[in-house]
Amino acid sequence: MTAASAPPTPAPPVAAPVHQRVAELAAAHIGSWQEGYLKDRSPAVAALARLRRGAGREAGETPDLWNLIDTGPLHTPAEGTRLLNEQELIRAENALHAALTLWAFHQQSRGIPMHRRHTRERPGGLGAAVRRLMPADGVDEPVRKRLVRAGTAPDLVTLTQRLRDIVALLRRDDVPLDYALLAGQLYLWQWPDGPAAVRRRWGRSFHEQRRSRPTSDENTTPDTDKDAS
């Protein structure tokens, strides 16, 4: 008689990449504020007013936001995650600050959500959003060059300032953007070889939007959370 086989040892949980954790935290913050803002709730309206003053500025430059943007989840690992080192924390906090303040600038005085999660059917990356500013049958070179210029920024502050110029155009035309996706990309952008990788993602997103034209009710269709370029 043979002994019963021991049950297999379960595999340890796979830690989420840091850029994904940054994206998820951005989505949680924006989701709450955006819902409140669109329902004209005073705390959300006040939070958005504070946030947009930090758009295009370094995270440490705006002390008013230190107690508004909760970065606690980055400091306290959940199950399946690890403690971030100092360099990771700094870059994660910088990316989160940049994405949240840009969203606040975008959402200002808009009655529909300006943060919209990416799906394959409705691309929501930066490149896709820029492509939507252009005619369906052509390319607006000045607008395209803004995206290229953003991709060649020498540092995160300059990048955020150039993105703010793009967001002003998106805001003008009520074109939404996936700010959670952008937050993760801004984290990746700060690492060696990060700018080149993020530029490639923006380029793929630009061409993805051209293949998938938006529907007229895209701002009211329920969102599906899905990672993409």
Side-chain angles (χ1 to χ4, degrees), residues 10-36 44 47-48 50-51 54-55 57-60 62 65-104 106-107 113-120 123-129 153 155-157 159-160 163 167 176-202 204-205 223-229:
V14 178
V18 179
H19 78 275
Q20 184 178 323
R21 292 170 62 179
V22 172
E24 290 170 354
L25 186 54
H29 277 304
I30 293 174
S32 174
W33 284 327
Q34 184 165 264
E35 180 184 8
L48 188 135
R50 290 168 62 186
L51 283 165
R57 304 172 67 181
E58 288 188 15
T62 318
L65 301 185
W66 293 352
N67 65 345
L68 180 63
I69 300 176
D70 180 12
T71 60
L74 296 174
H75 295 262
T76 307
E79 183 179 357
T81 64
R82 60 173 175 80
L83 283 171
L84 303 186
N85 63 43
E86 186 67 18
Q87 198 171 39
E88 289 171 327
L89 279 171
I90 290 171
R91 291 174 175 177
E93 290 170 351
N94 287 342
L96 189 63
H97 170 91
L100 295 181
T101 56
L102 285 169
W103 163 75
H106 196 168
Q107 187 64 60
M114 291 294 99
H115 163 63
R116 189 201 69 200
R117 298 307 298 267
H118 170 95
T119 66
R120 189 174 299 278
L126 181 66
D155 53 62
L156 184 63
V157 174
L159 172 60
T160 306
L163 288 177
V167 169
L177 180 65
D178 186 338
Y179 279 94
L181 184 62
L182 181 64
Q185 291 172 345
L186 293 178
Y187 172 79
L188 294 172
W189 190 91
Q190 297 172 77
W191 292 93
D193 300 324
V198 171
R199 282 196 298 269
R200 286 194 296 270
R201 295 184 184 200
W202 289 348
R204 286 197 302 268
S205 177
D223 291 333
T224 301
D225 186 2
K226 187 173 182 182
D227 190 21
S229 298

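Here the structure is a predicted model, which is why all the values come from computation and not from measurement.
Checked by atom type and distance alone, the side chain of Ser205 never pairs as donor or acceptor with a backbone atom of Arg201 at under 3.5 Å. Formation of a donor-acceptor pair under 3.5 Å by the Arg57 side chain with backbone atoms of Thr160 is not found in this model. Side-chain N or O atoms of His29 include one that pairs as donor or acceptor with a backbone N or O of Asp70 at under 3.5 Å. A donor-acceptor pair under 3.5 Å is formed between the side chain of Glu88 and the backbone N or O of Asn85.
In this structure the side chain of Leu182 reaches within 4.5 angstrom of the side chain of Gln185, judged on heavy atoms. Between Trp191 and Val18 the shortest side-chain heavy-atom distance does not fall below 4.5 Å. For the pair Thr101/Leu65, a side-chain contact is recorded, criterion being any heavy-atom separation below 4.5 Å from C-beta on.
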Before you tell me yes or no, could you show the steps for His115 and Asp178 under side chain to side chain contact (heavy atoms under 4.5 Å, CB included), namely the whole-Å CA-CA distance, both residues' side-chain angles and the distance that decides it to 0.1 Å? CA-CA 5 Å; His115 163 63; Asp178 186 338; 3.5 Å; yes
Stepwise side chain to side chain contact (heavy atoms under 4.5 Å, CB included) check, Leu186 with Leu163: CA-CA 11 Å; Leu186 293 178; Leu163 288 177; 4.0 Å; yes
Starting from the C-alpha separation in whole Å, work towards a yes-or-no answer on side chain to side chain contact (heavy atoms under 4.5 Å, CB included) for Trp189 and His19. CA-CA 10 Å; Trp189 190 91; His19 78 275; over 6 Å; no
Kindly indicate, with the supporting measurements, whether the criterion side chain to side chain contact (heavy atoms under 4.5 Å, CB included) is fulfilled by Gln107 and Ile30. CA-CA 10 Å; Gln107 187 64 60; Ile30 293 174; over 6 Å; no
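A donor-acceptor contact under 3.5 angstrom links the side chains of Gln34 and Trp103, judged on distance only.
Note that CD of Gln190 and CZ of Arg91 are 6.0 Å apart. Values are rounded to the nearest 0.5 Å. Remark: Leu102 CG to His97 NE2 distance equals 8.5 Å, nearest 0.5 Å. Distance check: Glu24 CD to Leu74 CG gives 10.5 Å after rounding to the nearest 0.5 Å. Annotation: the span from Tyr187 atom OH to Leu96 atom CG amounts to 12.5 Å, rounded to 0.5 Å. Atom-to-atom distance recorded for Leu51:CG and Trp33:CH2 is 4.5 Å, nearest 0.5 angstrom. In this structure, NE2 in His118 is found 7.0 Å from CG in Leu181, a value given to the nearest 0.5 Å.
In terms of heavy-atom proximity, Gly184 sits nearest to Val22 at N-CG1, 4.4 Å. For the pair Ala99 and Tyr179, the tightest heavy-atom approach, listed with the atom from each and the gap, is O-CD2, 3.5 Å. Closest heavy-atom contact between Arg117 and Ala27: NH1-CB, 3.3 Å. Residues Pro113 and Pro176 approach most closely at O-CB, 3.9 Å, considering heavy atoms. The minimum heavy-atom distance linking Leu177 with Ala129 is given by the pair CD1-CB, 3.9 Å. Annotation for Arg116 and Pro123: closest pair NH2-O, 2.9 Å, computed over non-hydrogen atoms.
Only one option out of Ile69, Thr62, Asn67 pairs with Arg50 in a side chain to side chain contact (heavy atoms under 4.5 Å, CB included); it is Asn67.
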